[in-house]
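Every chain is numbered from 1, with letters handed out A, B, ... down the list of sequences.
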Amino acid sequence: AQSVTQPDIHITVSEGASLELRCNYSYGATPYLFWYVQSPGQGLQLLLKYFSGDTLVQGIKGFEAEFKRSQSSFNLRKPSVHWSDAAEYFCAVAGGYQKVTFGTGTKLQVIP
Amino acid sequence: GAVVSQHPSWVICKSGTSVKIECRSLDFQATTMFWYRQFPKQSLMLMATSNEGSKATYEQGVEKDKFLINHASLTLSTLTVTSAHPEDSSFYICSARAFQQGAKGEQFFGPGTRLTVL
């Protein structure tokens with residue numbers, strides 16, 4: 001069965017600092033990987049996705065993620081965080097025609 | 001971009017009543033819609049997968065007689081919480097996957113419905 005682990009429940013960064021959110025997945029073959037962002041009381045917005053090809057994926061709002069098969073990881077990065085990036089971030093995995101499985105989320109707090 | 005709406009955005013009901021939540025894909029056809037439940041400060045838990053014109057597939061532990069799902073058209077799916085109880089209070093989110101995209105297709109999420117059962 002597929003699974004996703006986001007080891008950091010809560011992260012605080014200063015505005016302008018770099019950000020990396022960790023995501024590890026478990027799946028027997030090459031997975032489809034996603035990062036979503038959720039603002040309080042809102043639905044989810046897709047930041048980026050990886051299906052195949054280039055392992056460095058560019059997304060919206062200046063985010064990027066790198067697929068590392070050897071580490072079963074798909075970490076999300078941003079070089080300079082803005083106060084508006086404060087939200088909850090979910091990593092998700094899907095395999096073939098299986099359902100999408102979400103991680104438990106990482107809440108990002110941005111301080112001035 | 002593709003837009004998914006949910007109605008209502010929030011609802012308060014008395015224990016024992018039924019509540020219907022609508023999920024609509026506004027500018028695309030969705031052969032598959034998904035219903036999730038999210039408890040405070042937790043992740044999304046898939047409740048069921050709904051394919052247009054067929055019965056929904058429920059995840060293990062989800063009572064299909066309590067959470068009735070209907071996917072009557074390519075743009076509308078409904079979730080009815082029957083005989084709601086306080087423990088059903090939660091944030092319900094739907095998503096829709098566009099026609100012909102299969103499992104690789106992006107899921108577009110609705111804004112969610114906050115259900116409070118008194």
Side-chain angles (χ1 to χ4, degrees), chain A residues 1-11 21 23-25 27 29-53 57 59-61 65 67 87-109, chain B residues 1-11 21 23-26 31-51 56-62 90-98 100-116:
Chain A
Q2 61 200 40
S3 65
V4 178
T5 301
Q6 292 181 249
D8 303 307
I9 297 173
H10 189 275
I11 283 184
L21 302 182
C23 172
N24 292 96
Y25 69 90
Y27 182 69
T30 301
Y32 305 142
L33 296 161
F34 309 85
W35 274 100
Y36 289 88
V37 60
Q38 183 182 34
S39 297
Q42 301 296 314
L44 275 70
Q45 181 183 24
L46 180 69
L47 289 175
L48 46 79
K49 59 187 176 184
Y50 171 79
F51 291 154
S52 64
V57 180
I60 62 172
K61 304 184 179 184
F67 170 59
E88 186 138 23
Y89 292 79
F90 292 93
C91 182
V93 63
Y97 282 84
Q98 295 185 33
K99 62 185 181 183
V100 176
T101 299
F102 288 86
T104 50
T106 297
K107 188 171 184 178
L108 173 64
Q109 182 181 7
Chain B
V3 179
V4 175
S5 69
Q6 279 185 244
H7 178 79
S9 55
W10 59 270
V11 57
I21 302 170
C23 176
R24 293 182 184 273
S25 56
L26 298 185
T31 47
T32 305
M33 289 184 170
F34 305 86
W35 287 96
Y36 296 86
R37 183 173 180 177
Q38 186 179 30
F39 291 102
K41 300 182 180 181
Q42 294 189 29
S43 187
L44 283 73
M45 300 301 297
L46 180 65
M47 298 175 64
T49 301
S50 164
N51 290 297
T57 301
Y58 291 81
E59 295 299 303
Q60 189 173 5
V62 177
S90 192
F91 193 52
Y92 293 87
I93 302 177
C94 74
S95 70
R97 190 163 64 200
Q100 293 181 330
Q101 287 198 22
K104 293 177 67 174
E106 174 183 348
Q107 290 187 34
F108 299 97
F109 285 83
T113 296
R114 173 75 60 192
L115 170 63
T116 301

A.B. asks: Under a 4.5 Å cutoff for heavy-atom pairs, which residue among A:L44, A:T101, A:L46, A:T104 has the most contacts with chain B?
C.D. replies: A:L44
A.B. asks: Measuring heavy-atom distances to chain A, does B:E59 have an atom under 4.5 Å in its side chain, in its backbone, in both, or in neither?
C.D. replies: side chain
A.B. asks: With only heavy atoms counted, which part of A:F102 is less than 4.5 Å from chain B, the side chain, the backbone, both or neither?
C.D. replies: both
A.B. asks: Give a yes or no on this: more than 12 heavy atoms of other residues, nucleotides or ligands lie within 6.0 Å of atom NE2 of B:H7.
C.D. replies: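 No.
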A.B. asks: Should we count CD1 of A:I9 as having more than 12 external heavy atoms under 6.0 Å?
C.D. replies: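 For A:I9, atom CD1 is not crowded (no more than 12 foreign heavy atoms under 6.0 Å).
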A.B. asks: Heavy atoms only, distances under 4.5 angstrom: which of B:L46, B:L44, B:I93 has the most pairs with chain A? Name it, please.
C.D. replies: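 Among the listed options, the one with the most contacts to chain A is B:L44.
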A.B. asks: Among A:Q6, A:Q45, A:Q38, which residue has the highest count of heavy-atom pairs closer than 4.5 Å to chain B?
C.D. replies: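 Counting heavy-atom pairs under 4.5 Å, the top option is A:Q38.
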A.B. asks: Considering residues at least two apart in sequence or located in another chain, which fulfil the salt bridge (charged side-chain N to carboxylate O under 4.0 Å, His left out) criterion with B:R24?
C.D. replies: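 Partners of B:R24 under the salt bridge (charged side-chain N to carboxylate O under 4.0 Å, His left out) test: B:E22.
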A.B. asks: Below 4.5 Å from any heavy atom of chain A, which atoms of B:Y36 appear? Answer side chain, backbone, both or neither.
C.D. replies: side chain
A.B. asks: Using modelled atom types only, decide if a donor and an acceptor are shared between the side chain of B:S43 and the backbone of A:G103 within a distance under 3.5 Å.
C.D. replies: yes
A.B. asks: Counting heavy-atom pairs closer than 4.5 Å to chain A, which one of B:Q38, B:M45, B:R114 comes out on top?
C.D. replies: B:Q38
A.B. asks: What residues, two or more places apart in sequence or in another chain, satisfy side chain to side chain donor-acceptor pair (under 3.5 Å) together with A:Q109?
C.D. replies: A:T12
